Amino acid sequence: MPDSVRPSTWEKVLNFLASSDESTPYLLVDKDVVEEKASLMGRGIRNCRVYYALKANPDIGIARLLDRPGMNFEIASEGELKILASLGIGPERIISSNPVKSPAFIRQAAAYGVEYFAFDSPAEVDKLAAHAPGCKVYVRLAVPNEGSEWPLSKKFGIEPDTAVELLLYARDRDLDPVGVTFHVGSQCTNIYNWSTALDKVSTVWSSAEDAGLRLGILNIGGGYPIRYTRDVIDIRSIEEMIDTLVSRKFPDHVQVHLEPGRSVVGDAGVFVTSVIGKADRGGVDWLYIDAGVFNGLMESIGGIKYEYVVGSRAATRRWTLAGPSCDSFDVIAHDVELPEPMIGDRLLILSAGAYTISYASEFNGFPIPKTILI
Ligand SMILES: Cc1ncc(COP(=O)(O)O)c(C=O)c1O
């Protein structure tokens with residue numbers, strides 16, 4: 001059995017493959033793993049509310065599964081709001097932590113009753129004041145993302161000295177400044193990113209209180225890692241450290257908001273593809289499958305290394321693995337050691353439940369793969 005999948009998931013996957021004639025590519029998601037991971041989130045942090053980051057996998061079946069007591073949602077777009085509204089999920093269970101939002105989304109979210117929004121610029125405050133007057137806002141700090149396989153800090157976040165000014169600017173525009181947020185980077189394998197971030201936030205928190213603001217929300221974003229090809233720190237250890245630091249550095253009344261995405265759905269997913277071609281190009285063995293960078297495996301070009309499995313018992317070789325499109329950007333991985341499969345054989349990609357289908361396009365006419373809950 002491969003390393004990056006649970007025995008119970010593997011059994012379900014094999015049963016599905018044996019009994020289904022569904023055409024590939026498609027993503028199988030183990031419901032039991034999603035439910036179990038969801039129930040673990042935030043358990044080790046006192047006074048913590050959990051918001052599933054819907055972008056990781058917005059499949060309606062998964063959102064329905066996560067519509068359970070103790071689970072809330074983090075969104076960034078009208079499309080994501082529509083999914084939650086269709087399930088009747090109330091606005092008190094929704095926040096938006098994207099620091100730059102479209103005016104149309106802000107208007108729609110506010111009309112729905114969403115109250116909490118992140119920001120990191122005066123322009124965003126002005127937009128929020130215009131389209132969601134009086135809303136509750138939390139400022140995004142830039143924090144180190146070293147050791148995160150999918151860093152996020154370059155695009156968003158400001159430094160502590162401007163954060164307090166911005167919170168005061170929001171108060172002066174009649175918004176309600178309630179807290180601070182950060183994101184350590186997705187697939188964060190460096191536990192110290194959380195401690196450095198919390199140090200930074202506590203400086204801002206004290207300066208904000210000195211300036212007369214009373215904050216209550218500490219939003220710690222997402223970033224919990226999953227196993228792809230290497231073991232990672234476990235959630236319990238991360239939360240133990242966060243909880244210790246929060247109780248040491250923040251007032252008792254602080255409420256922690258956690259926004260996990262990848263760690264809720266990532267290791268519940270097995271992407272089922274088929275081998276569609278093989279070629280020897282200048283001594284390099286190429287293997288082509290029916291899913292690629294444009295229809296599900298986008299993260300493979302940004303540092304995520306998946307575990308691949310084929311059923312063949314032939315001798316192993318090192319392959320360059322590529323997707324089905326005509327674009328030479330569509331190369332998924334190099335030096336993947338696998339037994340030689342036949343054309344038409346299944347090739348499975350493990351830990352593929354997050355940021356796969358949600359990134360997929362129909363480029364070159366290849367359809368967005370289906371998600372099937374098992
Ligand atoms: C604002 C925000 N919150 C939460 C997440 C989820 O992060 P992760 O999937 O690493 O848990 C993201 C990911 O991009 C994000 O941008």
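Order of listing sets the numbers, starting from 1, for every ligand and every atom in it. Being a predicted model, the structure only gives us computed values, none of them experimental. Worth knowing before you read on, the calculation uses all heavy atoms, side chains too, and leaves out hydrogens, waters and symmetry mates.
Glu74 has its side chain out of reach of Leu54: every pair of non-hydrogen atoms, C-beta onward, lies at least 4.5 Å apart. In this structure the side chain of Val143 never reaches within 4.5 angstrom of the side chain of Trp194, judged on heavy atoms. Within the 4.5 Å cutoff, side-chain heavy atoms of Val201 are placed close to those of Leu141. A 4.5 Å side-chain heavy-atom check between Asp176 and Cys135 finds every atom pair outside the cut-off. Contact annotation: the side chain of Glu259 approaches that of Ser97 to within less than 4.5 Å [non-hydrogen atoms, C-beta and beyond]. Contact annotation: the side chain of His131 never approaches that of Phe105 to less than 4.5 Å [non-hydrogen atoms, C-beta and beyond]. The closest side-chain heavy-atom distance from Arg346 to Thr273 is not below 4.5 Å.
Looking at Ser263 next to ligand 1, no N or O pair under 3.5 Å apart turns up. The shortest N/O to N/O separation between Gly221 and ligand 1 does not fall below 3.5 Å. At a 3.5 angstrom cut-off on N or O pairs, Lys55 counts as close to ligand 1. For ligand 1, the polar-atom distance check finds no N/O of Ala53 at less than 3.5 Å from any of the ligand's N/O atoms.
For the pair Arg173 and Tyr169, the distance from NZ or CZ to the six-membered ring centre is under 6.0 Å and the angle to the ring normal is within 45 degrees.
Close contacts of ligand 1 with Ser97, meaning ligand atoms under 4.0 Å from a residue heavy atom, involve 1 (C). Under a 4.0 Å criterion applied to the non-hydrogen atoms of Pro260, ligand 1 contributes the atoms 11 (O). Within ligand 1, counting atoms from 1 as listed, the ones closer than 4.0 Å to a heavy atom of Arg262 are 8 (P), 9 (O), 11 (O). The distance from ligand 1 to the heavy atoms of Ser186 drops below 4.0 Å at these ligand atoms: 8 (P), 9 (O), 10 (O). The atoms of ligand 1 that sit less than 4.0 Å from any heavy atom of Gly222 are 4 (C), 7 (O), 11 (O).
In this structure, the protein non-hydrogen atom closest to atom 3 (N) of ligand 1 is Glu259 OE1, 2.6 Å. Ranking protein heavy atoms by distance to atom 13 (C) of ligand 1, first place goes to Tyr355 OH, 3.5 Å. Of all protein heavy atoms, the one closest to atom 7 (O) of ligand 1 is His183 NE2, 2.9 Å.
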